[in-house]
Each structure stands twice: as structure tokens, then as C-alpha cells.
Amino acid sequence: MARNVVFSGIQPTGGIHIGNYFGAIKQWVTGQDDAENIFCLVDMHALTVPQDPAALRAQILETATVLLAAGIDPAKSRLFVQSDVREHGELTWYLSCVGSMGQLNRMTQFKEKSESQKGEVRVGLFTYPLLMAADILLYKTTHVPVGEDQKQHIELTRDLAQRFNATYGEVFVLPEPAIPKAGARIMGLDDPTVKMSKSAPGSYHAVRVLDSPDQIKKTVMSAQTDSGRDIRVDPARPGVTNLLAIYCAATGATPEEAEAHFASARGYGDLKKELVEILVETLRPLRERNAELSADPSTVRDILRRSAEAITPIARETVDAAKRAMGVGSG
Ligand code: TYM
């Protein structure tokens, strides 16, 4: 039986947080034995909003180091930088001649991100989902482990693949999103009504995976909650619901088990204190391994380069098949 192909990506824009970790990275790490795995630092996606070149260059290496420290194993998975495999840009063009403006206009992430851009909105921000579709389709991906915010982009990817296959013949495999039961949408700790994000201002918005125990404590203890005391999942109380979601994502408990565990707690303080301990212990190995790996950037660069080399033939084959099907090229 053909093995599953897992593909996923992350923007190398610094400050990886527990939303990224529980929504995506943890699944990447735990699923490594079950499939072919390809993980991508999507530096071309990062360019859809203004970036400082020197900072971006540094963050690509830092993000790669964090992913290896989190447990991505180069013996089992490929970890590479998007712009190192030029087929990503190439296939994006062909997909832009298949997808419609209407499809892209419906993307909620574009609406949100374009509103937060003070200056002009770049064309790349609008066509971003086409590049993401190219990432996925190039490697005949069967599963895409992501947080909930990426689901719509994967549905678009499926639509594009279907439309292409129906028009030009079977070239693309239709991917499935793999969204975790717990941690698919972690909210901001300073404001549980907005999604935890890398770019949100405020030092108590997110727990970052490299935060010190002291920083984790400060952020979690200052998390916004309401004036109640019951530790229950309740949409009317997003603060405590978010803390329970983080607890479940970190421990593997179900929401019912988490509620039962905290049934005799004296208030939100007890939940927060326990969560601090759990997050500190969950992230400790990652932080320690990251410190070791950071001392050896040439090994990390080597992994990125060798991964890109290994997967380029797969990407090339897909683009050539798409070109043949569309009737372009000298033949
Ligand atoms: P990015 O860099 O914003 O996020 C990386 C991963 O983290 C997940 N995530 C979250 N999960 C739970 N709660 C949160 N608050 C939270 N914030 C982020 C995201 O869902 C994602 O899985 N467009 C993608 C990158 C990408 C990609 C791809 C992903 C480019 N090409 C191909 C999969 C396949 C993005 O910007 O992720």
C-alpha cells in the first residue's frame, strides 16, 4: 500500500508560540513514523507582508533550529526552505491560471490580514493561498497537519486540484486536512477573543516555546479570565475555556477529564498554577535542545540543503506533469 505523504509549513517569522506547537508542530513530531514527512519553512509566504531582510534571514535558521529541537528528526522527515525549491513559484503560476478571483476573495485570512496592513496590500497577500496550494500539491500530499485557521486554505487546495484534474486530466492528489482534537485554535492569553498569533503586540499575549520558566509563569498567571470560579468549558467564558484547551492539548486529557480534574479547585489560580508547571515541563526539553543546536548552525543549514536536494525531483516531476497536461513547453 502506498504510504501517506504528510506536508506542512510554518512562516519563519520568529516567536513560535504554543498555538503553533499544539496546533501543528506536535502532530508533525508524533506522526513521523507513520508517513513520508515533508516540512517547509515558508519564507516566500513571509514576504507577503513587509520584512527586514537581515531579520528574515536569521529567523529562517532560528525557526529551523526550533523545529529540530521540538523533535523533527532528519532521519525520518525532510525539513527545507520553500524558496530553495523553485518549483513552488513555478506551480503557483499555473494554479493562478486555474483558480478564480472569486475563490480567493472568499478567504477569511486575506480579509483579516489585509485589514491589518496599514500601507498598501501586496498582490502576494491575495495570491498567498495559491502558493500554499502549490506547496501541498507538488509532493502528492495526502495529509496536511495544521491548526484550524488553515482549513479554508486546504479546502481551496482541494478545489483547485479537482478543477485542474477535471480540466486537464489526473495530475494532482487531493489532500486531507489533519486538525488536532485539542489545541486547534489557541486564543490570546491577554485577550481570549482573538487567536494567538506571532505578530500580536503585548508581552503577555502568547507563551513562546523558547520562553524561560519565569516568562511562562508571568504570562499564564496574568491571563485574562472572568470573575467566576468554576473551571468549566463555557463559550460565555472564553478565558477559562482557553486555559482548559491548553491544558487538554498539553496533557491529552479530554475536556470532561479536565473539568473533573479541577472540580475541587479553589478558583482560576489553581488552574493557572498547574498550567504553568505543565507548560514549563512540556517545553523544557525543546528549550534545552534548542540551546545545543543553536551552537551548531552549519549542521542545521546542512539539513535544510540536503532536504531541498532530496525532494526537488518529486516537485520537478509534478510540475512537468502539470505542464504537459496544460499543453505548455517545447515538449
Ligand atoms: P503559520 O506560520 O501562521 O502557522 C503555523 C502552524 O501553526 C498553526 N497555528 C495555530 N494553531 C492553533 N492555535 C493558534 N493560535 C495557531 N496559530 C497558528 C497554523 O494553523 C499552522 O498549522 N499558511 C501557513 C503556512 C503554510 C502551510 C503551507 C501550511 C504555507 N504553506 C502548506 C500547511 C501546508 C501559515 O501561515 O502558518
Side-chain angles (χ1 to χ4, degrees), residues 5-29 31 37-49 51 56 59-60 63-64 66-67 70 72 80-83 85 88-89 91-92 95 107-110 112-113 116 124-125 127-139 141-158 160-161 175-200 205-209 238 242 245-246 248-250 315:
V5 179
V6 166
F7 181 98
S8 201
I10 186 165
Q11 295 199 45
T13 42
I16 296 184
H17 51 67
I18 56 170
N20 303 127
Y21 183 76
F22 292 124
I25 299 167
K26 192 176 167 188
Q27 300 191 78
W28 304 357
V29 171
N37 312 286
I38 307 175
F39 302 116
C40 183
L41 300 153
V42 294
D43 56 346
M44 290 159 74
H45 277 116
L47 290 176
T48 56
V49 296
Q51 301 288 347
L56 182 58
Q59 280 162 358
I60 290 170
T63 309
V66 167
L67 293 177
I72 298 298
F80 77 108
V81 180
Q82 188 182 38
S83 67
V85 179
H88 289 252
L91 185 58
T92 301
L95 294 177
M107 296 295 112
T108 50
Q109 199 153 71
F110 172 71
E112 286 162 19
K113 285 198 182 174
S116 68
L125 194 63
T127 57
Y128 178 119
L130 299 173
L131 176 58
M132 181 160 162
D135 298 341
I136 296 168
L137 296 176
L138 277 174
Y139 302 100
T141 302
T142 57
H143 294 86
V144 191
V146 283
E148 198 187 75
D149 60 345
Q150 298 301 317
K151 194 169 167 215
Q152 195 187 28
H153 288 157
I154 297 168
E155 279 159 9
L156 175 74
T157 303
R158 288 175 62 89
L160 290 170
E176 298 282 345
I179 296 171
K181 275 208 193 75
R185 190 176 179 82
I186 304 282
M187 309 305 280
L189 291 167
D190 56 350
D191 178 358
T193 65
V194 302
K195 188 187 69 173
M196 185 177 284
S197 89
K198 295 195 199 98
S199 54
H205 170 74
V207 170
R208 317 267 170 187
V209 296
N242 189 38
I246 299 170
C248 290

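Counting starts at 1 for both ligands and their atoms, in listed order.
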Checklist entry - Side-chain contact, heavy-atom cut-off 4.5 Å: D135 with L91? => result no
Item to check | Exam field: side chain D191 to backbone G188, donor-acceptor pair closer than 3.5 Å | outcome: no
Checklist outcome for this item: Quick look: V42 vs ligand 1, heavy-atom contacts under 4.0 Å, and the answer is side chain
Checklist entry - Heavy atoms, side chains only, cut-off 4.5 Å: are F39 and I25 in contact? => result no
Checklist entry - Quick one: does T141's side chain get under 4.5 Å of V6's, heavy atoms only? => result no
Checklist entry - How does R185 reach ligand 1, if at all, at less than 4.0 Å between non-hydrogen atoms: by side chain, backbone, both, or neither? => result backbone
Next on the checklist: Just to confirm my output: which protein heavy-atom neighbour is closest to atom 13 (N) of ligand 1, and how far is it?
Outcome noted: I186 N, 2.9 Å
Item to check | Distance from atom 35 (C) of ligand 1 to nearest protein heavy atom, with residue and atom | outcome: Y128 OH, 3.5 Å
Checklist outcome for this item: Quick look: D135 vs ligand 1, heavy-atom contacts under 4.0 Å, and the answer is side chain
Next on the checklist: Counting only nitrogen or oxygen atoms and a 3.5 angstrom limit, does N20 reach ligand 1?
Outcome noted: yes
Checklist outcome for this item: For atom 6 (C) of ligand 1, the closest protein heavy atom turns out to be A24 CB, 3.7 Å
Checklist entry - What protein heavy atom sits nearest atom 11 (N) of ligand 1, and how far away is it? => result G19 O, 3.0 Å
Item to check | Geometric N/O contact M132 with ligand 1, under 3.5 angstrom | outcome: no
Checklist entry - Among all protein non-hydrogen atoms, which one is nearest to atom 25 (C) of ligand 1, and what is the separation to 0.1 Å? => result G9 O, 3.6 Å
Checklist entry - Angle class for the F7/Y139 ring planes (parallel below 30°, perpendicular above 60°, tilted otherwise)? => result parallel
Next on the checklist: Under 4.0 Å from a heavy atom of I136: which atoms of ligand 1 are those, numbered in the order shown and with their elements?
Outcome noted: 32 (C), 34 (C)
Next on the checklist: Checking contacts here: is it the side chain or the backbone of V144 that comes within 4.0 Å of ligand 1, counting heavy atoms only? Could be both or neither.
Outcome noted: side chain
Checklist entry - If we only count N/O pairs under 3.5 Å, is P145 in contact with ligand 1? => result no
Item to check | Salt-bridge criterion met for R185 and D149 (N-O under 4.0 Å) | outcome: no
Item to check | For G23, the ligand 1 atoms whose distance to one of its heavy atoms is below 4.0 Å | outcome: 11 (N), 12 (C)
Item to check | For ligand 1, the portion of H45 having any non-hydrogen atom under 4.0 Å away | outcome: side chain
Checklist entry - Under 3.5 Å, N or O to N or O, is K195 touching ligand 1 that way? => result no
Checklist entry - Counting both backbone and side chain atoms, is some N or O of Q150 under 3.5 Å from an N or O of ligand 1? => result yes
Item to check | Proximity to ligand 1 by part of L131, non-hydrogen separation under 4.0 Å | outcome: neither
Item to check | Nearest-neighbour protein heavy atom for atom 19 (C) of ligand 1, which is reported as residue plus atom name and distance | outcome: D149 OD1, 3.3 Å
Next on the checklist: Any heavy-atom pair between the side chains of T142 and P175 that's under 4.5 Å?
Outcome noted: no
Next on the checklist: Please determine whether a side-chain nitrogen of the Lys or Arg among R158 and E176 lies less than 4.0 Å from a carboxylate oxygen of the Asp or Glu.
Outcome noted: yes
Checklist entry - Will you find, in the side chains of T13 and Q51, an N or O donor that is under 3.5 Å from an N or O acceptor? => result no
Checklist entry - Hey, is A184 touching ligand 1 through its side chain, its backbone, both or neither, going by heavy atoms under 4.0 Å? => result backbone
Checklist entry - Under 3.5 Å, is there a donor-acceptor pair between the side chain of H45 and the main chain of L131? => result no
Checklist outcome for this item: shortest atom 1 (P) of ligand 1-to-protein heavy-atom contact is with K198 NZ, 3.8 Å
